[in-house]
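A short worksheet on the structure shown next.
For ligands, and for the atoms within them, numbers begin at 1 and follow the listed sequence.
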Amino acid sequence: MMIIKQNPALFINTVNGRMPVTSLGISLIHEHFLVDFIGADKTNEKRWSKDEVIKKVLPYLLEVKKIGVKTIFDCTPAFLGRDVLLQKRLSDESGLQVITNTGYYGAVQNKYLPQWAFTEGKEQLAKRWISEFENGIDGTAIKPGFIKIGVDAPHLSALHRKLVKAAAITHLKTGLTICSHTGPAVAAFGELDILQTMTVHPSAFVWTHAQMEKDKSLHVKAARMGTWISLDGIGWGEFENYADSINNLKIAGLLNRVLISHDAGWYKPDEKDGGNFTGFTNIFTQLLPILMKRGFTENDVMQLLVKNPAEAFGIRIRKLV
Ligand SMILES: [Zn+2]
């Protein structure tokens, strides 16, 4: 496996510009401020009021800031409610560092893909994402800090294979890390095959929702290749099972490949007052006490919440040689 040392020169893009990864601090790598499930053909920023969303979401951000969180990665993709000016206002008003993404989400049978994702080739799609990295998103100067795509499991359709290939092209040009809504291992290994064929090292890939794979030995197998194992649904319970998965990777000597988050939130434009919002605290109030009881050290926790996010998301090209 390629060994990567943490390099203070590595940087990441926040919604307020470029920042060294050493400034990330305690980071939640997969959360959502707002998600609009209406579909790519109908979603638009007129469906929510930024003021209303901020009123709803800000207290939850201040709550985790108090706990010590410095950075939140907003994983809401384009056409699912990504609103970078809203993200910037939430960052400015909370004092948290916020990171947004580029890419398209193919999961849920392509409901969130724009028309051109069906017809354009991988190079054309990658060109759009690279342009967001080079020029900014939606006419702003705000640049993505990672790529977020999504595929349907278990077997990748031709369309979803194209999304993975576009992500590979974008990575090799920009150095942005690829997060893919995936779930079961069979889909993750399918994506890893494509990426490796395109000379992208597995350490540029975050297997998102890896907790949906029940065979924990497959987490170990992917992590040994360098893949980031994202156990990211901690907002929703099953804390002992998360602790088991993390401990299993620790025993295998692979704690340095694990990312954790809540995948929680989020303001829902179609519900009154944005509906029920799930906060971002379970890691601190529920999971960490279990891990400490199992002998995890302060150092292990910092590995999960500080070192690994910096290592996973520091922007650099990771090419197989
Ligand atoms: Zn999510």
Side-chain angles (χ1 to χ4, degrees), residues 15 27-40 43 48 53 56-57 60-61 64 69 71-84 86-87 90 96 98-113 144-153 160 163-164 167 176-184 187-188 191 205-213 227-239 241-242 245 258-271 274-283 287 304-305 308-309 312-313:
V15 294
S27 299
L28 298 174
I29 56 93
H30 188 132
E31 309 297 349
H32 299 278
F33 300 153
L34 177 149
V35 183
D36 185 10
F37 287 113
I38 197 166
T43 185
W48 53 89
V53 179
K56 179 91 180 188
V57 179
Y60 295 96
L61 300 186
V64 285
V69 171
T71 306
I72 293 188
F73 291 65
D74 189 331
C75 277
T76 299
F79 304 101
L80 263 156
R82 182 189 65 171
D83 177 342
V84 295
L86 172 68
Q87 290 166 342
L90 282 166
L96 288 172
V98 171
I99 295 168
T100 193
N101 66 84
T102 189
Y104 298 152
Y105 184 93
V108 199
Q109 279 115 49
N110 310 315
K111 183 178 177 188
Y112 305 107
L113 290 178
F146 63 105
I147 301 162
K148 173 77 186 284
I149 58 171
V151 299
D152 281 321
H160 293 179
L163 295 178
V164 177
L176 290 174
T177 298
I178 303 163
C179 294
S180 181
H181 165 107
T182 298
E191 292 176 277
F205 180 69
V206 178
W207 172 7
T208 300
H209 309 321
Q211 70 272 10
M212 286 166 71
E213 175 55 59
T227 310
W228 292 97
I229 311 303
S230 182
L231 304 165
D232 47 43
I234 300 167
W236 311 101
E238 294 189 40
F239 308 116
N241 183 45
Y242 280 100
S245 298
V258 183
L259 297 167
I260 60 173
S261 211
H262 300 96
D263 192 14
W266 46 76
Y267 187 99
K268 303 162 188 75
D270 280 328
E271 294 184 25
N276 281 331
F277 197 98
T278 303
F280 313 116
T281 55
N282 280 350
I283 285 179
L287 180 69
L304 290 168
L305 292 173
N308 289 353
F313 289 96

For residues 72-79, run the donor-acceptor check on the side chains, cut-off 3.5 Å, and write out each pair with its distance to 0.1 Å, sequence neighbours left out.
from : atom 1 : to  : atom 2 : distance (Å)
D74  : OD1    : T76 : N      : 2.9
D74  : OD1    : T76 : OG1    : 3.2
D74  : OD2    : Q87 : NE2    : 3.1
T76  : OG1    : H32 : ND1    : 2.8
T76  : OG1    : L34 : O      : 2.9

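For H160, there are no ring-ring contact (aromatic ring centres under 6.0 Å, His included) partners two or more places apart in sequence or in a different chain. In terms of the ring-ring contact (aromatic ring centres under 6.0 Å, His included) criterion, Y242 has no residue partners (sequence neighbours excluded).
Shown here are the protein N/O/S atoms lying under 2.8 Å from the Zn ion (ligand 1), water excluded: H30 NE2, H32 NE2, D263 OD1.
Between the side chain of K56 and the backbone N or O of G274 there is no donor-acceptor pair closer than 3.5 Å.
Nearest approach of P184 to W207, heavy atoms of both residues: C-CZ2, 4.0 Å.
No hydrogens or angles considered: a donor-acceptor pair under 3.5 Å links the side chains of Q211 and D232.
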